[in-house]
Amino acid sequence: MLTTRPRGTNDITPETIARWHHIEERVRQICREFNYQEIRTPVFEHTELFVRGVGDTTDIVEKEMYTFQDRGGRSLTLRPEGTAAVVRAHLQGKLPLPAKYYYLGPVFRYERPQAGRFRQHTQFGVEVFGTQHPAVDAEIIALAVEFFRRFDLVDLEVNVNSLGCPVCRPKYRKKLLDYLTAAGGCFCQDCRNRIERNPLRILDCKQPECREVASGAPAVLDVLCAECHDHFAELQRYLTRLGIKYRVNPRIVRGIDYYTKTVFEIISQDLGAQDTVCGGGRYDGLFAAFGGPPTPATGFGMGLERLLAVLEKSDYQFPKPPRLDVFVAPMGPQAMAVAVQLLQELRQAGLRCDMDYLGRSLRAQMRQADKLDSHFAVLLGEQELEQGVAAVRAMDGGQQVAVPLTDIKAYLLAKQNQLDLP
RNA sequence: GUGGAUGUAGCUCAGCUGGUUAGAGCGCCAGGUUGUGGCCCUGGAGGUCGCGGGUUCAAGUCCCGUCAUUCACCCCA
C-alpha cells in the first residue's frame with residue numbers, strides 16, 4: 001500500500017515535532033555540560049562490524065538485523081545499535097584518547113512491534129573511551145539520571161550489576177552450568193535454548209519452575225575476581241557519593257556480548273513490558289575485538305521513544321510552541337499585491353508571519369488567524385488602501401488601529417513585548 | 001518467529017439476535033455580520049464499512065483467508 005508506512009516505523013508530524021526538538025535540545029545541552037562531543041556515523045555499516053561487535057550468537061545479529069547487499073556486492077547492515085560504529089569511527093579517525101562522545105539518531109532492528117518497541121527507533125547514547133576508572137561508569141549513570149531529573153522524572157529505578165571480565169566470567173559460567181545440570185533438566189523450552197546461548201539469562205526467566213531453580217543458583221557477584229569485585233564496589237561508592245539511588249540487581253544481563261564488568265539499566269514503572277528506557281555498561285574488550293589497541297570503554301544507549309512515552313504519561317509540561325506574530329488578511333487582488341510585499345518586509349525584520357492565499361472571506365481569514373494563534377492580524381481592504389493604511393488588530397484584546405503602511409513594521413516591532421520574537 | 005485483541009467519515013466511536021437511502025460527537029467548509037476571530041445557531045462536503053473469497057433471497061453484521069494496527073512472549077532502547 002502506498003499510503004501505509006513500513007511496519008514498526010513512525011511518522012513524526014508537525015503536531016509532535018516540537019516535543020522532539022525539545023528533547024533533542026536537552027540532549028545537546030546536558031552533553032555540553034558533561035563535556036561530551038557529538039559524533040555522527042553512517043546509518044549503515046559493513047555487516048561484519050555488528051557481527052563481530054555485538055556477537056554472532058546474539059538475537060540482534062541472528063534475527064534482527066536489516067542486512068542488504070549493495071550494487072557492489074558488499075553486505076551492509078542498518079545499524080542495530082550505536083556503540084560498534086562509534087568505536088569504529090574512533091579507530092578509523094585515529095582520534096585521541098581519552099574521548100567522550102555522544103550520538104543521537106535512528107537505529108533499526110527487525111522485531112515484532114509492541115508497546116515501546118519499533119523497527120526504527122531513536123537512540124541517544126554516550127561513550128567514554130580510554131579509562132577503566134569506575135568513576136566514569138558512575139559519571140555516565142549520573143548523566144542519565146540528571147537528564148531524567150530535568151524532566152522531573154525522579155522515580156526511575158537504576159539497576160546495576162557486574163558481569164565480570166575474561167578472567168572471572170568463564171569461571172562463573174562454568175559454575176552456573178554445573179549447578180543447572182545438577183539441578184536437572186526441568187526447564188521451559190526457552191531456558192533449554194538459553195542454556196547454551198546465554199545461561200545467565202535463565203536467572204531472569206519468568207516461569208515459576210525456572211525461578212525456583214534459579215533462586216538457588218550461584219550469584220555472579222560472589223564469583224568475581226578481585227579486580228572486578230573492587231571495581232564494582234567502587235562504582236557503588238561513587239554512586240552513593242553522587243546521591244544516586246540504585247539497586248544491585250544480579251539479573252541484569254544485557255543482550256550484547258561485548259559487556260564486561262559494569263552493566264546497568266534504568267527502568268520506568270510507566271511503560272509496558274518494554275520498560276528499560278536506558279541501558280548500558282562497560283565493554284573493555286571491544287577495541288581489541290576490532291583489531292585496535294586494547295582500550296577500556298563504557299557507555300549507554302537511551303530510547304527516546306520510550307522517554308517520550310514516559311513523559312506523556314507524566315505531568316511534564318512541554319514548552320508551548322511559539323505563536324504566529326502576524327497574520328495578514330488581504331481583501332481583493334490589489335490588497336493581495338500589497339500584502340505580499342508587506343509580508344516580505346515583516347519577515348525580513350524577523351517576525352513570524354503568514355497570510356491567506358485562498359482569497360477567502362475576511363471572516364474566514366480571521367478564523368484562520370485565530371486558529372493559528374496569531375498575536376496580530378493586519379487587515380488590508382479597499383478602504384485602507386485608499387488611505388495608505390492597514391488595520392492592525394491585536395487578537396488577544398481585540399483593539400484595532402489604522403497604521404500607515406510604511407509604519408507597520410515599526411509599529412509591530414514597538415510591540416515586541418506582545419510578540420514571540422526569539 | 002509464537003499467541004491474543006481490534007479494523008465503520010480526517011479523529012474518537014455507535015450500528016440490538018444478518019433486513020431497505022450506514023449514524024453521532026469533534027474537526028473541516030459555507031452562511032447567520034454586502035469587511036472582522038474566539039461563544040452560539042443553521043446548512044454542507046466527506047465512507048471501496050481494511051482487502052479477497054464464501055454462506056444467504058439479503059452481509060458493516062456470519063465463515064475462511066489475507067493485510068494492517070495493537071498487546072504479550074522471545075529479546076531489547
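The basis for the numbers below is simple: all heavy atoms, side chains too, and nothing from hydrogens, waters or symmetry mates. The sequence lines fix the lettering, A, B, ..., with proteins before strands; numbering per chain opens at 1.
Rounded to whole Å, atom P of B:rU69 lies 8 Å from atom CZ of A:Arg5. Here the C1' atom of nucleotide B:rC73 and the CZ atom of A:Arg201 are 14 Å apart, to the nearest Å. Summarising the geometry, the separation between CZ on A:Arg367 and C1' on B:rC28 is reported as 11 Å, rounded to the nearest angstrom. Put simply, CZ on A:Arg360 is 8 Å from C1' on B:rC29, counting in whole angstrom units. Distance, A:Arg7 CZ to B:rU66 C1': 13 Å, rounded to whole Å. The separation between A:Asp275 atom CG and B:rC71 atom P is 14 Å, rounded to whole Å. Atom CD of A:Gln274 and atom P of B:rC74 are 9 Å apart (whole Å). Between A:Glu62 atom CD and B:rC74 atom P there is a gap of 17 Å when expressed in whole angstrom units.
In summary, the aromatic rings of A:Phe44 and A:Tyr66 are positioned with their centroids too far apart to meet the 6.0 Å limit. If you look at A:Tyr283 and A:Tyr258, their ring centroids are closer than 6.0 Å. Within the 6.0 Å centre-distance limit, the rings of A:Phe318 and A:Tyr316 are counted as a close aromatic pair. Between A:Phe124 and A:Phe147, the ring center distance clears the sub-6.0 Å criterion. Not less than 6.0 angstrom separates the ring centroid of A:Phe264 from the ring centroid of A:Tyr246.
Between A:Arg254 and B:rA77 there is a side-chain polar atom (N or O) within less than 4.0 angstrom of OP1 or OP2. For the OP1/OP2 pair of B:rG27 and a distance below 4.0 Å, the side-chain nitrogens and oxygens of A:Lys371 include no atom meeting the criterion. For A:Arg112 and B:rC74, the shortest distance from a side-chain N or O to OP1 or OP2 is not below 4.0 Å. Phosphate proximity of B:rG37 to A:Gln365: absent, as no side-chain N or O sits under 4.0 Å from OP1 or OP2.
When atom types are taken as modelled, the side chain of A:Thr240 and the backbone of A:Gln236 share a donor-acceptor pair closer than 3.5 angstrom. Remark: side-chain polar atoms of A:His231 are not paired, donor with acceptor, to backbone N or O of A:Gly164 under 3.5 angstrom. The closest donor-acceptor contact from the side chain of A:Asn249 to the backbone of A:Arg251 lies under 3.5 Å.
Within 4.0 Å of A:Asp373, counting heavy atoms only, lies no atom of the nucleic acid at all. Note on A:Phe124: nothing from the nucleic acid sits closer than 4.0 angstrom, heavy atoms only. Using a 4.0 Å heavy-atom cutoff across all strands shown, A:Ala369 reaches no nucleic acid atom at all. Within the 4.0 angstrom heavy-atom criterion, base atoms lie near A:Gly116. Across all strands, A:Glu111 comes closer than 4.0 Å to base atoms (heavy-atom distances).
Pair assignment for B:rA24: B:rU12, on the basis of Watson-Crick or G-U wobble contacts that are both within less than 3.5 Å. With a cut-off of 3.5 Å on both Watson-Crick or G-U wobble distances, the partner of B:rC49 is given as none. The pairing partner recorded for B:rA72 is B:rU2, the criterion being a Watson-Crick or G-U wobble arrangement whose two distances lie under 3.5 angstrom. With a 3.5 Å ceiling on both atom-pair distances, the Watson-Crick or G-U wobble partner of B:rG7 is B:rC67. In this structure, B:rC29 forms a base pair with B:rG43, meeting either the Watson-Crick or the G-U wobble geometry with both donor-acceptor distances under 3.5 Å.
Checking A:Pro113 against A:Glu265, the closest nucleotide of RNA chain B that is more toward the 5' end is the one next to A:Pro113. Mapped onto RNA chain B by nearest heavy atom, A:Met366 and A:Asp59 fall at different nucleotides, with A:Met366 at the one closer to the 5' end.
For A:Gln383, taking side-chain heavy atoms from C-beta onward, the closest of the listed nucleotides B:rC28, B:rG35, B:rA77 is B:rG35. Each of B:rC74, B:rG38, B:rG1 was ranked by its minimum atom distance to the side chain of A:Arg393; first place goes to B:rG38. Checking B:rA77, B:rG37, B:rC74 against every side-chain atom of A:Asp370, the shortest atom distance belongs to B:rG37. Among the nucleotides B:rC75, B:rC29, B:rA77, the one closest to any side-chain atom of A:Glu64 is B:rC75. Distances from the side chain of A:Arg109 to the nucleotides B:rG32, B:rA77, B:rG1 place B:rA77 closest. Of all nucleotides listed (B:rC71, B:rG37, B:rG35), B:rG35 comes nearest to the side chain of A:Leu362. Relative to the side chain of A:Ser361, the nucleotides B:rG35, B:rU70, B:rG31 differ in distance, and B:rG31 lies closest.
B:rC63 and B:rA5 are spaced 12 Å apart, taking the P atom of each and rounding to whole Å. Comparing the same atom, P, in B:rA68 and in B:rG52 gives a spacing of 16 Å after rounding to whole Å. For the P atoms, the distance from B:rG43 to B:rC62 is 35 Å, rounded to whole Å. For the P atom pair drawn from B:rU17 and B:rU61, the interatomic distance equals 13 Å after rounding to whole Å. B:rU6 and B:rG65 have their P atoms separated by 16 Å, given to the nearest Å. Look at the P atom in both B:rA14 and B:rA59: the space between them is 23 Å, to the nearest Å. To the nearest whole angstrom, the two P atoms, one in B:rG35 and one in B:rC49, are 43 Å apart. Between B:rA22 and B:rC16, the distance separating the two P atoms is 15 Å to the nearest Å.
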